[in-house]
Structures are given as structure tokens and as C-alpha cells.
Amino acid sequence: MPSNEPKSVIVEFEDGSTRKVDYGKLSRVARTELWRLGNFPMPLEQRYVVLRWKNGWKEVMAVAGACSDPFKYYILQRIEEHGRLGIERPGTYPAVKIIWRLPAEVEQMTITDGEESRTYTLSKTEDVRVEGGKTETQYKLEKTDSNPVAEIIERLQQVLKEQGMDGADVLAKSHTEKLEIYERLRRGVDIKAHEKQEDVLAFIDLLLRKVAGARKKGAKGEDTI
Amino acid sequence: MTIAVKWCGIDFGQCLMNPGALRNHLVIGDIYKELGKPELIPEGIERYHNMKDKYGTYSTIKEGHKDEILTYVLEGDQEAMNIFLDKEQEHLKAAEGVEEALEYLKGEGITLCIVAEMKKTLGPIGTDVVSRFLKNKGLIHYFNKMVTPQGSVDLKDGSVDDRYKGRTKESGALYDLLVGDLQKEGIEPRDAVMVGDKIKTDIEPPAQRGFKTIQFTGYFDWGASRADYRISDFFQLMTIVKGKKDA
């Protein structure tokens with residue numbers, strides 16, 4: 001164990017203000033990132049497993065210190081389905097997002113920046129065998145006039161009203177207070193993060209700005225999440 | 001050739017209920033997404049895998065160690081456990097062709113029962129995993145009874161026949177009592193068919209007592225047996241079984 005464990009991480013902002021967080025509350029990923037940046041202890045584990053393949057390839061993985069001996073090894077075989085959502089990025093390569101949750105049951109998708117929204121409905125077209133022995137189930141994307149983001153905003157306004165809150169007041173609160181309120185609003189609106197919670201909380205922030213009539217980008221000194 | 005019967009017993013796990021759709025990344029994933037902590041999904045899945053490797057199968061966990069899903073996998077978070085119970089039901093599916101087959105069998109005048117090797121104590125209808133599933137999927141009205149080693153439940157009025165307590169399918173004691181009860185209703189074992197996947201609980205014991213048997217291989221094929229028929233989906237029941245009318 002390092003003899004000089006870090007206690008906290010201090011982040012300094014452009015205006016000179018600072019925020020301090022407990023180092024001990026950082027995830028292993030965050031600690032690893034700090035270690036990569038330098039002058040932070042390596043996130044050590046007490047035990048490691050070294051795997052060796054038939055061709056001599058070797059890999060190391062950390063396991064919990066309480067682990068003693070391997071007791072079984074097995075290989076699972078199963079057909080896995082996942083959706084691949086391609087999103088155009090004019091002038092460069094498209095973005096591709098992977099959908100693991102019930103990909104065949106996705107029926108609609110909307111792309112929005114809070115101001116403009118474009119919604120597409122999905123309809124299955126055909127199964128195509130492609131290279132590598134894979135099967136791609138193709139879908140047709142058709143633009144529709146429905147706007148689920150408007151429905152979410154409407155619900156957000158209801159939740160704000162039910163909880164006796166005002167969008168502009170919420171936006172003016174401190175970072176910590178906002179995180180707690182945004183989570184309550186998220187639950188009230190009933191939307192979830194696909195993978196990262198910050199995505200859905202930032203989305204709530206975006207919609208609140210719309211609700212509050214505030215300008216799209218955070219003004220100087222405004223405490224955005 | 002068809003089987004003419006008055007009564008049909010159907011096994012639950014890996015037979016009427018399709019366990020294949022119950023995937024960890026869906027159940028654990030949905031729990032932590034609802035709780036607003038999606039970053040905990042991989043750890044939760046890893047802990048569930050750890051439990052599976054300790055106990056061997058997810059069925060074993062569900063039957064005897066469900067409390068550890070709360071204490072270990074979900075780290076004592078009761079809200080997460082409540083979501084787990086909902087999600088487990090949401091993602092469980094009925095086997096292919098079940099509803100069509102049940103509608104057909106009912107139309108043939110055949111009495112339908114669930115015969116399940118349930119190990120957890122029964123509560124009111126809708127609180128155990130089997131009747132909750134039947135209710136949620138809108139299938140409960142097809143069945144008269146749920147016969148289990150925890151008691152035989154009348155699915156119409158909720159009353160529990162405790163004589164079945166402790167009598168398992170594997171030992172055959174459950175079928176011994178069932179034979180007597182069916183005979184009181186004028187149904188001989190030869191007029192009854194049991195449908196299930198496991199040879200040692202759904203095929204051998206009832207066949208020894210004169211029941212007709214159908215081995216369901218849709219999710220797991222336990223190998224050759226003395227079953228009268230083998231089916232891989234429930235649609236096939238509609239071509240094999242028909243109602244027996246008294247002469």
C-alpha cells in the first residue's frame with residue numbers, strides 16, 4: 001500500500017473558484033485516469049491472475065485480494081443480439097452506438113439538441129447474411145411528426161409543478177443541489193440513462209433551460225452540470 | 001395418432017415458462033438504470049455471476065438462495081430488490097405457442113393444472129413466482145389448480161390443500177395423491193397427460209402411475225425417455241392431444 005494515500009482532489013475553475021472531492025470516493029476508473037496523468041498512486045490490487053494462451057500470449061488481470069484459487073472454467077455459447085445505431089456526422093465518419101437492451105423492441109428514436117428534434121420510426125425490413133457468418137436484421141427509418149421530446153418536456157413541467165419548483169430557480173441552485181433535484185425530476189419524468197447517468201442528468205438540464213426560457217448555452221458564471 | 005385425455009398437467013420452469021429471455025444484462029441493467037446508477041450494472045452482473053458459480057444454476061439460486069440476491073448481488077438495497085422482482089416477471093416469457101395451446105385444450109374440455117416442484121412456501125395467489133407469472137401473462141384463467149409440494153392451490157378461490165405439503169414430483173408422492181384426487185373426479189391416470197421437461201420429475205414418476213407423458217424439449221433436452229411424445233413447442237400439443245368424452 002502506498003505510504004502517502006491521497007485524501008482529496010481539488011478542481012480549480014477559470015474564475016479561481018475551487019471544488020474539493022474525496023479521493024476515496026473516486027471510482028477505480030477515475031483513480032486510474034489520475035494515475036495516468038501522473039503523480040498519483042497506482043490503483044493496486046492484492047492479487048493478479050496471469051493467463052497464458054497456446055501461442056504464448058499472456059495477459060494479466062487484477063482480482064480481489066480475498067481470492068484464493070481458480071475452481072472452474074467454462075465457455076458459454078449463445079446467439080447474442082445487439083442493435084447498432086449509426087448516426088451521420090457530416091464531413092467525417094458516422095458515430096455508432098450499441099444498443100444491448102432488447103434491440104428488436106426499439107420502435108422509435110429522436111435526435112434533439114433541445115431546440116430541434118427529429119423523430120424516426122423503425123420498421124423491420126429483411127434479414128441479410130453478411131460476411132463473418134453474421135445475420136443483420138435491417139430496419140427502415142421513417143421520419144414522423146410525433147415529438148416525444150415535447151411529451152417529456154410537458155411531463156417535466158408537470159413534475160416541477162407537483163414538486164412546487166420553478167425551472168429557473170432549479171437552474172440557479174448549487175451543483176450538489178441540482179444533482180439531487182435532477183435525479184428526482186428524472187424519476188418523475190420516468191426516463192433512464194442508456195449507459196451513463198450524466199447523460200440523462202445533462203438532458204434534464206438541457207430541457208430545464210428550455211422550460212425556463214434560458215438561452216441554450218450556459219451563460220458565463222452559470223453553474224452547468 | 002393422438003392422445004385423448006380429460007386432464008392435462010403442465011410443468012412450469014423451462015416448460016410453460018421460457019427462461020431464455022431472462023438475461024442478467026436486462027434485469028440487473030434495468031434495476032440500476034431505474035435507480036439512476038447505471039455505472040453499477042457491470043458490478044451487479046459480476047456479483048450475480050459469482051452467485052451462479054457458487055450455486056451452479058440460476059434455478060438453484062431462485063429456489064433456495066433468493067435472499068442473497070438482496071444481500072449480496074444488490075448489496076442490501078431493498079428498492080433494488082423490489083425492482084428485481086418486477087423485472088424478473090417482466091422479462092420472463094411464456095413458451096412459444098402456450099396461449100394458443102391452452103385455448104385449444106380448454107376448448108377440448110380438458111382440465112388444466114400446473115404441476116410444479118415449488119420449494120418456497122406459498123402465499124396468496126399472485127405472490128409466488130408461478131401464480132404471479134400466470135397472472136401477469138394473463139394465463140391464470142386457463143388453470144384450475146397449481147399442484148406443488150407446498151400445497152395444491154385452487155386458482156379459482158385461492159384455497160390451499162395442505163395434503164400435498166412435502167410431497168415432491170421426484171419422489172412420486174405428489175403423483176400418488178394426485179391419482180386418488182383425479183379418480184374422485186372420475187379421471188383415471190390413463191385419461192391424464194403430464195407435460196414437462198425433466199425425466200425424473202415430469203416423465204418417469206407419472207408414467208409409472210399410468211399417466212400419459214409428453215417430454216418438452218424446447219429449452220433443454222434431458223435425453224431419451226419413456227415419454228409417449230416429445231415436443232419442442234406448445235403448438236405441437238394441438239396436434240397430439242384431444243379431449244376425451246365419456247362414452
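Here is the naming used below: chain letters follow the sequence lines, and residue numbers restart at 1 for every chain. All values below come from the heavy atoms of this structure, side chains included, with hydrogens, waters and symmetry mates left out.
- Other residues, nucleotides and ligands contribute more than 12 heavy atoms inside 6.0 Å of the NZ atom of Lys156(B).
- Salt-bridge annotation for Asp30(B) and Lys192(A): absent, with no side-chain N of the basic residue lying under 4.0 Å from a carboxylate O of the acidic one.
- The 12-atom threshold is not exceeded at CD of Glu107(A), counting heavy atoms of other residues, nucleotides or ligands nearer than 6.0 Å.
- Within the 3.5 Å criterion, the main-chain N or O of Pro38(B) finds no donor-acceptor partner in the side chain of Lys196(A).
- To the nearest 0.5 Å, the span separating CZ on Arg187(A) from CG on Leu35(B) amounts to 5.5 Å.
- Remark: Lys145(B) NZ is loosely packed, at most 12 non-hydrogen atoms of other residues, nucleotides or ligands lying under 6.0 Å away.
- Residue Ile41(B) does not touch chain A at all, counting heavy-atom pairs closer than 4.5 Å.
- A salt bridge does not link Glu81(A) to Arg23(B): none of the charged nitrogens lies less than 4.0 Å from a carboxylate oxygen.
- Within the 4.5 angstrom heavy-atom criterion, only side-chain atoms of Arg186(A), from C-beta onward, approach chain B.
- When heavy atoms are compared at a cutoff of 4.5 Å, Glu195(A) approaches chain B solely by way of its backbone atoms N, CA, C and O.
- Of the two parts of Leu102(A), the backbone and the side chain both hold a non-hydrogen atom closer than 4.5 Å to a non-hydrogen atom of chain B.
- Of the atoms belonging to Lys72(A), it is side-chain heavy atoms, and not backbone ones, that fall under 4.5 Å from chain B.
- Annotation: the span from His25(B) atom NE2 to Arg101(A) atom CZ amounts to 9.0 Å, rounded to 0.5 Å.
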